[in-house]
Asks: 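My structure is below; once you've seen it, I'll send some questions.
When reading the values below, keep in mind they use all heavy atoms of this one structure, side chains included, and skip hydrogens, waters and symmetry mates. Below, chain A is the first sequence line, B the second, and so on; all start at residue 1. Nothing here was measured: the structure is a model prediction, and the numbers come from that model.
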Number of protein chains: 2
Amino acid sequence: MYGRYTQDLGTFAKDEAARLRLQEGDTPRPRRPSELLEYTQGRCAPCRVCALQCQRFLISKVGEDWVFLILLGLVMALVSWAMDFAIATCLQAQKWMYGGLDTNVLLQYMAWVTYPTVLITFSAGFTQILAPQAVGSGIPEMKTILRGVVLKEYLTLKTFVAKVIGLTCALGSGMPLGKEGPFVHIASMCAALLSRFLSLFGGFYENEARNIEMLAAACAVGVGCCFAAPIGGVLFSIEVTSTFFAVRNYWRGFFAATFSAFIFRVLAVWNKDEETITALFKTRFRLDFPFDLQELPAFAVIGIASGFGGALFVYLNRKIVQFMRRQKTINRFLMKKRLLFPALVTLIISTLTFPPGFGQFMAGQLTQKDTLVTLFDNQTWAKQGISNEFEYLGILEAWHHPRSNVFITLVVFILMKFWMSALATTIPVPCGAFMPVFVIGAAFGRLVGESMAAWFPDGIHTDSNIYRIVPGGYAVVGAAALSGAVTHTVSTAVIVFELTGQISHILPVMIAVILANAVAQSLQPSLYDSIIRIKKLPYLPELGWGHHEKYNVRVEDIMVRDIRYVTLNCKYRDLQQVLHSTKMKNLPLVESAESMILLGSIERTQVGALLSNQLSPQRRLLTLRQKVLSEDGHRLSDSSIRFQISTETSSGTPARPALRKPLKPALKRVPSSPADSPPAGSTDHTGIALKSLFCANAATEPTEAQGTAYHKAKRVRISIVEEMILGDKMTPAEILEWEEQQLDQLVDFSSAKIDPAPFQLVEHTSLHKTHTIFSLLGLDHAFVTSIGRLVGMVSLKELRKAIEGSLTGKGVKVRPPLASFRDSTTSTTEADTTALRQLWNRHQHHHMPREAGPGGDDDDDTPK
Amino acid sequence: MYGRYTQDLGTFAKDEAARLRLQEGDTPRPRRPSELLEYTQGRCAPCRVCALQCQRFLISKVGEDWVFLILLGLVMALVSWAMDFAIATCLQAQKWMYGGLDTNVLLQYMAWVTYPTVLITFSAGFTQILAPQAVGSGIPEMKTILRGVVLKEYLTLKTFVAKVIGLTCALGSGMPLGKEGPFVHIASMCAALLSRFLSLFGGFYENEARNIEMLAAACAVGVGCCFAAPIGGVLFSIEVTSTFFAVRNYWRGFFAATFSAFIFRVLAVWNKDEETITALFKTRFRLDFPFDLQELPAFAVIGIASGFGGALFVYLNRKIVQFMRRQKTINRFLMKKRLLFPALVTLIISTLTFPPGFGQFMAGQLTQKDTLVTLFDNQTWAKQGISNEFEYLGILEAWHHPRSNVFITLVVFILMKFWMSALATTIPVPCGAFMPVFVIGAAFGRLVGESMAAWFPDGIHTDSNIYRIVPGGYAVVGAAALSGAVTHTVSTAVIVFELTGQISHILPVMIAVILANAVAQSLQPSLYDSIIRIKKLPYLPELGWGHHEKYNVRVEDIMVRDIRYVTLNCKYRDLQQVLHSTKMKNLPLVESAESMILLGSIERTQVGALLSNQLSPQRRLLTLRQKVLSEDGHRLSDSSIRFQISTETSSGTPARPALRKPLKPALKRVPSSPADSPPAGSTDHTGIALKSLFCANAATEPTEAQGTAYHKAKRVRISIVEEMILGDKMTPAEILEWEEQQLDQLVDFSSAKIDPAPFQLVEHTSLHKTHTIFSLLGLDHAFVTSIGRLVGMVSLKELRKAIEGSLTGKGVKVRPPLASFRDSTTSTTEADTTALRQLWNRHQHHHMPREAGPGGDDDDDTPK
């Protein structure tokens, strides 16, 4: 499935299909003279010809990358703007309701609580019904998809609709939820849909590699148009979704994200929200002296504390999910009433934020956006002497409580929001955690900043000029640090610069973000990796920070040595045995059990198909027919026609016009397959049969047959039931005997799809390099060879185990069990030697008979 | 050479060496009790023990990445700051001289011209003598090195010294040269040296993969501390040096670059240059309304014009170099008087910038830094009505000429600086082109901005508020766009934000940079790629923008089919023939000419070594000795000792303490090598010989034997000349006969280093995928196999040809010659079939004698 490299043939098949389609697309050209002829009879013929050419030119341009990226950017900007508008309206409505009912606190409370509960419940229900894949952030899934794994239904229109509407409702409720993760997902779906739509015009959109490039760009667009932060968007999307990034895709992300952010902000200008294009949360800190050198320790403290906070958030979030899952009674209850959990959580959170209630101590009436605006405020909230009495104006008033001071409000806000956000992001609605974390970080930074301002009322600087401390700058630093710690990214620094429109605090932000990352990465995985683990998505963990020991662990220490294989000269019975004894999805094909020279890899389903084909009633029927034919010669043509039909059924792709080749080999097999002993047949026939193997390789998609080969075989059985009734005269005993006989035949690999160059590693390859290669090429497994000889196999599972094993025993070098034998014994070396000697001897034996000495024995004595 | 993947064994050998060293490093621990015993006899024993433990702890920490990165950042910040200081002093000295001599224009002119000429000539001469590798930017070379190519002498201390001193002098001369490219190189050298220095404490610094990671981080540090732009530095270094970027290395770059930029700016604060940490070229544009939406077309125009300008710059630069090379008379003259060209160029440029002369029309007296400061100025230079008469104060006066206006000055500046910079960057001194281009871009932006300001004196906005146009903002946009166009990077946008400390113009900058990139990339390669081409460095070109056709070209269309190979059972004569008939650096090792099953790859030098070893006088001597020995038994021990010594000479690495293993196999070969017929020897001996093959593989570095095998063989011959005189009694005719006899022997591969898993591709792999894999894994060549059978080979050369061929025929799908045959013929398929049939038949023949039919003939009829 994932294993982009081993899918060479699949890609090729798609290329082929695209090429054929392209050629078909080109075929109208020869028709052109006649069309022109038709038009030239009219009066404005030149105009029409010109229009036609323009149209063709435009259609040919549709295939270009930049057209796609502009369209993607435009659509996403519109989606983002429309959603923002809808969310703002929803929040406005809640405020209006709450404001209108200020005569009765109970009514006010009811309105305050019911509104979000209804919205969240609707969102959860809607998503659940339409597309459960839309739940959650989407970044973990995109990370997996970009690694080459195909996740079903994750990029469909249904999911798109569910995610957009679900997210709008969820955010409109005013819960502490984010829109950034879902936007990455939405943008990716948008790209996938757009790609499918544009493929109606040209054939270029069919390519797998190109789709992945476009998805990577779409992720950047998602972040970019969500925050109007093109650069930060590109970097953030790279950091959270990629392991290895192709620099040649860089411009795609920038181009699309910039265009999208531009349109998004232009829409705001056109809507008269803004006078011109500026940042989303514009700050106005002073430029001359943004911060003092002596304030840097405070920024470092923010960074380190954010690191711990971020790790705690990830831990808390995971524990909540695990608690829900483990507690069977809760779990059973929740499974029954799926909408109760979201409603309950919303109820609790909105009750606590009720402004006349507990909300007054935590600025409960502010929306997320207002909160951020106030936190990034330029003024200092704490009192600074008498002359400087600060008036809380406008929305700032929310932070001011007559009976307490701003520090208490901030602390309460941080503590409450922390667990609320961790809890809210577990609700099964489309939602992200970035924005809530960002707000908490900003509040924490503000807290530190206000404390500093209170401590040093006239600034730290001792020179003539008085530069007061700017707590808003601390808020910016805190926001970047905490969101960076939770997501394990450095690019949140860039995002805050773009969000605030000021870069003056670059060094404090960078220092805090790096420290926060250092602390968080050593304590917990990132939030997205944590979700990947919870959801058990097939993903390879990263190598940790201090991964020296990975250079010393080698493939031979982690590989599976005892693997099942298929030999070129095996019998069907061996295939059956192999299928029963292993669950590997890809089986190695070796020359012979003695030489073990790796020739290729064959899919498990292919082996199954081979086997079921050999034992198919259809073949049995044919054998029977042949017998009859030897008696009665005139029915030959009839039978061959019927055979052709049934083969078409089993190939499973009658709808694809471009795939004509797969049929050819099956047809060509007609003369050779009825023969009971293929080697006894003339060489010419075998040649055709084998040729067909390569034709089949060349033009059949490997995915289409996956997992369904057995079902197809079944379908074939059913489809020829009437024929069986007509022709099958065998008794069960006869059938059994026939099957036994069939199983003893040598396998004819001509109809199987073989990957002729599966990925190979050497035993001495280090774990570090193996990890790199697996991530680079998106491999699922690799065979370990030694001088062409198969000695083992490494799959994602082994690699994951090896990496996680090493990670837990940090500092101490954890050697996998097999590693300890390496220094003392030379077992592998001996095995290698034996193998090469065998080859050597065999060849001397075969081709140099004059040199055949006592060492040139035939080599049946090797066990493997 | 390059082929990181195929160097597995090399890496492994290094790992092994590092591990052994590590174990040696660990061995002192058991000694500890005795040490403690020693100390406990003293009085302050606990202190000493504690100190000892601290010391050990620190030494163990030295191996950690972050220590390395901090050290690197610190050193580079100091280097950068010291160089800046030295450069500023140099420029100050020139200004002082020029100012002091203002009584006599001629003297003034002499001083103005002589000073830079002397500095540049010294720089060129110094660099030429000490390390010619230090010449130029260094980014192209770093790009090549990071791809895995080993460039000699590029990362040594000598080059470091040459580059630092040469660059200081070159920049001190006031020529239009940059320091950013050289800084990337300096940082990389610094990392390499630091790595070597730190490896004295721990063994971790020996790993190749880790070194490349560190070099990538160093590139980021280079840009980061040069501009005090950590984020831009990381991104820029990624864009210009990497093809595929490992996201896990991201933090390294950020960490080191941030630390470096921080120290760099802190040094400025401590030196009282600045009050606190701010941007290098701080701007003070207004925040509320940085630009109008309607100004965006002007920004787009800047972008497009910069794109053309950037392409022109690259073209001009390349043409100047090519002109110098092609004109034979010029070339010969320049080769003789190497320092004349730099001196001449400096003379011309400094004459033209002489302030009282032509320099008055192009702000000639301003240094690069002053120019930038004035161009980013907040005020509008063009006159805006009477009430707003602008006074040129301070250094701004340079732009004001009483008899002309600022537009003419700017135009002259741009035109003159353009060719001056293109010319100056071809001088053979350490210099970059980024900064000059940046300045030209800023001037161009300023020109457009001033024009806009003159056109719309009260701004474009029609509302009540008057927002004047800010020409400084245009200068920022222009600088980013032109430098982006020349280097083909988008991250120049980030660099300008960090340089100016303002991000308010983010959208105009992004739009202009993207447009500039789009135009420039479609016209010319980037400056660095252009230099790579000029210098013919082994690098793979990028796939172009619209590379649809690459999905349809396949490996089989571009691969070399007629390749030489080595078979497992070949004779030495065959080796000789192969060596004469091909120049391939890596030869495939196949099972036999009939099966063509690829077993591994063997280096050309290894084959040469095998051959020269077989024919060495030393062996002849030994044969002779053996003959004598059979007569006279007592000289055996004497001969074996001498053999050991001469083997040590031929292994070529007596100085490396870790490499003890290579000697073992040679010693073990003693009993088996004198035998004339190895297969006739007992199997036990062959086993040892073959085992030694793997030992040699495991512990010898692949690079050490390269290109020198023949020379070593020669050296061996010389070293044993006296022995020959003593013992060689053969006549030349006898020698010839003996050699002929030796050539007929079967090759013993036991002493050769074989790469058991060379990279394999399938015939149907698309060009796009091949390019990806080659860039990802840094491959030099790959074998094309089909079911384990070697069918061809693709090397960088073929790939480069294929890509460049397709690029020239843009839009039209250029099919390589062989592609046209694909659709009509099935030749390859047939060849495949034959091969598989052979395998098939052979196995049936060998292991299933009962089934041996008429098709199971022995397969000597195949041609290849």
Asks: Could you pull out all residues at least two apart from A/Phe259 that satisfy ring pair (Phe, Tyr, Trp, His ring centres under 6.0 Å)?
Replies: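 Once residues adjacent in sequence are excluded, A/Phe259 has no partner under the ring pair (Phe, Tyr, Trp, His ring centres under 6.0 Å) criterion.
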
Asks: Got B/Thr258 and A/Val513 here, is their nearest side-chain heavy-atom distance under 4.5 Å?
Replies: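 No. Closest side-chain heavy atoms not under 4.5 Å.
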
Asks: Under a 4.5 Å heavy-atom cutoff, which of A/Val494, A/Leu235, A/Thr283, A/Val784 has the most pairs with chain B?
Replies: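 With the most close heavy-atom pairs to chain B, the winner is A/Leu235.
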
Asks: For the residue pair B/Phe262 and A/Leu296, establish whether any side-chain heavy-atom pair is separated by less than 4.5 Å.
Replies: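 Yes, side chains in contact.
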
Asks: Heavy-atom distances under 4.5 Å only: say whether B/Ile231 touches chain A with side chain, backbone, both or neither.
Replies: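 The side chain, not the backbone.
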
Asks: With respect to chain B, which residue among A/Pro508, A/Ser504, A/Pro230, A/Gly501 yields the maximal number of heavy-atom pairs within a distance under 4.5 Å?
Replies: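 Between A/Pro508, A/Ser504, A/Pro230, A/Gly501, the count favours A/Gly501.
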
Asks: Mind ranking A/His488, A/Glu239, A/Arg265, A/Gln502 by heavy-atom pairs under 4.5 Å with chain B and telling me who comes out on top?
Replies: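 Among A/His488, A/Glu239, A/Arg265, A/Gln502, the one with the most close pairs to chain B is A/Glu239.
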
Asks: Write down the atom of B/Ile514, the atom of A/Phe254, and the distance for their closest heavy-atom approach.
Replies: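 Taking every non-hydrogen atom into account, CD1-O, 3.6 Å.
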
Asks: Side-chain contact, heavy-atom cut-off 4.5 Å: B/Asn517 with A/Trp251?
Replies: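 No, their side chains stay 4.5 Å or more apart.
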
Asks: Yes or no on side-chain contact (heavy atoms from CB on, under 4.5 Å) for A/Val490 and B/Val234, after CA distance, side-chain angles and deciding distance?
Replies: CA-CA 11 Å; A/Val490 192; B/Val234 172; over 6 Å; no

Asks: Measure distances from B/Thr500 to the heavy atoms of chain A and classify the residue's part below 4.5 Å as side chain, backbone, both or neither.
Replies: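 It is neither, since no heavy atom gets under 4.5 Å.
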
Asks: Measure distances from A/Thr567 to the heavy atoms of chain B and classify the residue's part below 4.5 Å as side chain, backbone, both or neither.
Replies: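 Neither; nothing under 4.5 Å.
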
Asks: When rounded to the nearest 0.5 angstrom, what distance separates CD1 in A/Ile597 from CG in B/Leu598?
Replies: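 Atom-to-atom, A/Ile597:CD1 and B/Leu598:CG are 10.0 Å apart.
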
Asks: At a 4.5 Å cut-off on heavy atoms, which part of B/Leu589 comes close to chain A: side chain, backbone, both, or neither?
Replies: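 Interface part for B/Leu589: neither.
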
Asks: Using non-hydrogen atoms only, which part of B/Phe497 is less than 4.5 Å away from chain A: side chain, backbone, both, or neither?
Replies: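 For B/Phe497, heavy atoms of backbone and side chain both lie under 4.5 Å from chain A.
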
Asks: Could you look at A/Tyr250 and say if it's the side chain, the backbone, both or neither that has a heavy atom under 4.5 Å from chain B?
Replies: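 Contact with chain B is through the side chain of A/Tyr250 alone.
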
Asks: With a 4.5 angstrom heavy-atom cut-off, which part of B/Leu293 approaches chain A: side chain, backbone, both or neither?
Replies: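 Both parts, backbone and side chain.
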
